[in-house]
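The structure appears below as structure tokens.
In what follows, chains are A, B, ... by sequence order, proteins preceding strands, each numbered from 1. Please read all numbers here as calculations on a predicted model, not as lab measurements.
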Amino acid sequence: MSINLAQLKQQQIEYANRIILRDDNHFSTPTLIGGTDVGFEEGGQITRAAIVVLSFPNLTLVEYQIAKMPTTLPYIPGYLSFREYPALLAAWQKIEHKPQLLLVDGQGVAHPRKLGIASHLGLLLDIPTIGVAKKKLYGQYQPLPDERLAQEPLFDKTGIEQIGSVLRSKVKCNPLFISAGHRVSQLSALNWVKACLKGYRLPEPTRFADAVASNKPLLQKLLHNFKNNN
DNA sequence: GCGACAG
DNA sequence: ATCTTGTCGC
């Protein structure tokens, strides 16, 4: 069986037209903010999606859910969302306290066809989303000084349109690539991420989602404390 | 043809 | 992403 990339590409173009890059009217400040991350088991055969919900602005863990599904697609740059969104939707259904804003691991509109996983998921769930990626997929930017909160706009290939921001969330760490996903402006996307930083490279929602999705004993232990405190 | 390339 | 120990630097 071959993968019909041309069809997926067409779908991305159609979906991208529906993305809204303005701040949502439904909230001024979120009460709950979510984070997502995806991991794999059995050599990639199983996709494990994690969604965490934190209170805002306290940033304490309120809930987390995990969903596992058989992996259907390999990783193809530019088509990540098709590989990961089914498991993420399953995890979302299990979430009891639905957040008003979701930080998604990966790009938002900083994508060749302006439909990274954050945008794709935001559209499917019809909620505001922000893309928080650890690496660049698309775009160009100027070098950043090694200072906390140093930032540079991420531009389209034309160099005219800003498609996201590059943010040094922590000194001596590689920068984060922040881009609006859906129903949020580029400026707000950057500000919400900054509001979720707590001294680590990754914003808290993403950091917690990472811990849940990647079964690391150290951080998994932090989540065990959460169970006891509830 | 060559380089780039989320997770 | 995942497989993995020690190691360098603040």
Shorter than 3.5 Å, N or O on both sides, protein versus nucleotides 5-7 of chain B: list them out with atom names.
residue: dA6(B); atom: OP2; partner: Y75(A); partner atom: OH; Å: 2.4
residue: dA6(B); atom: O4'; partner: Q107(A); partner atom: NE2; Å: 3.4
residue: dA6(B); atom: N7; partner: G78(A); partner atom: N; Å: 3.1
residue: dA6(B); atom: N6; partner: G78(A); partner atom: O; Å: 3.1
residue: dA6(B); atom: N6; partner: Y79(A); partner atom: N; Å: 3.2
residue: dA6(B); atom: N6; partner: L80(A); partner atom: N; Å: 3.1
residue: dA6(B); atom: N1; partner: I117(A); partner atom: N; Å: 3.1
residue: dA6(B); atom: N3; partner: Q107(A); partner atom: N; Å: 3.1
residue: dG7(B); atom: OP1; partner: K134(A); partner atom: N; Å: 2.8
residue: dG7(B); atom: O3'; partner: D105(A); partner atom: OD2; Å: 3.2

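Contacts between residues 179-202 of chain A and DNA chain B, defined by a heavy-atom separation under 4.0 Å, are absent.
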What side-chain donor-acceptor pairs closer than 3.5 Å can you find for residues 98-108 of chain A, not counting sequence neighbours?
residue: K98(A); atom: NZ; partner: W92(A); partner atom: O; Å: 2.6
residue: K98(A); atom: NZ; partner: I95(A); partner atom: O; Å: 3.0
residue: Q100(A); atom: OE1; partner: T31(A); partner atom: N; Å: 3.4
residue: Q100(A); atom: OE1; partner: L32(A); partner atom: N; Å: 2.9
residue: D105(A); atom: OD1; partner: T36(A); partner atom: OG1; Å: 3.0
residue: Q107(A); atom: NE2; partner: K135(A); partner atom: O; Å: 2.7

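No donor-acceptor pair under 3.5 Å is formed between the side chain of D156(A) and the backbone N or O of E161(A). In this structure, Q45(A) contributes its side chain and T71(A) its backbone to no donor-acceptor pair below 3.5 Å. Put simply, the side chain of Q186(A) gets close to the backbone of A180(A): a donor and an acceptor are under 3.5 Å apart. Side-chain atoms of S214(A) come within 3.5 Å of backbone N or O of D210(A) as a donor-acceptor pair. Judged by distance alone, the side chain of R168(A) and the main-chain N or O of C173(A) form a donor-acceptor pair under 3.5 Å. In this structure, the side chain of R201(A) engages the main chain of P175(A) through a donor-acceptor pair within 3.5 Å.
Annotation: side-chain contact (heavy atoms from CB on, under 4.5 Å) contacts of P145(A) (sequence neighbours excluded): E147(A), A150(A). A search for ring pair (Phe, Tyr, Trp, His ring centres under 6.0 Å) contacts involving F40(A) returns nothing, not counting sequence neighbours.
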Summary of protein contacts for nucleotides 4-10 of chain C, nucleotide by nucleotide, where a base hit scores B, a sugar-phosphate-only hit scores S (4.0 Å, heavy atoms): ------S
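L144(A) belongs to a hydrophobic cluster whose remaining members, ordered by chain and number, are L137(A), Y138(A), Y141(A), L154(A), I163(A), V166(A), F177(A); membership requires side-chain heavy atoms of ILVMFWY residues under 4.5 Å apart, directly or through intermediates. Clustering of Ile, Leu, Val, Met, Phe, Trp and Tyr side chains at separations under 4.5 Å leaves I46(A) isolated, with no partner residue.
Consecutive pairing runs in DNA chain C never reach the stem threshold, where a stem means at least three Watson-Crick or G-U wobble pairs with distances under 3.5 Å. Every stem involving DNA chain B, taken as at least 3 paired positions in a row under the Watson-Crick or G-U wobble test at 3.5 Å, would be listed here, but there are none.
For residues 180-200 of chain A, the pairs satisfying ring pair (Phe, Tyr, Trp, His ring centres under 6.0 Å) are F56(A)-W192(A), with sequence neighbours left out. Counting only residues at least two apart or on different chains, the salt bridge (Lys or Arg N to Asp or Glu O under 4.0 Å) pairs with a member in residues 179-196 of chain A are D24(A)-R183(A), D126(A)-R183(A).
When side chains are defined from C-beta on, I117(A) counts as touching L88(A), because their heavy atoms get closer than 4.5 Å.
With hydrogens and angles left out, the side-chain atoms of Q12(A) and Q10(A) include no donor and acceptor closer than 3.5 Å.
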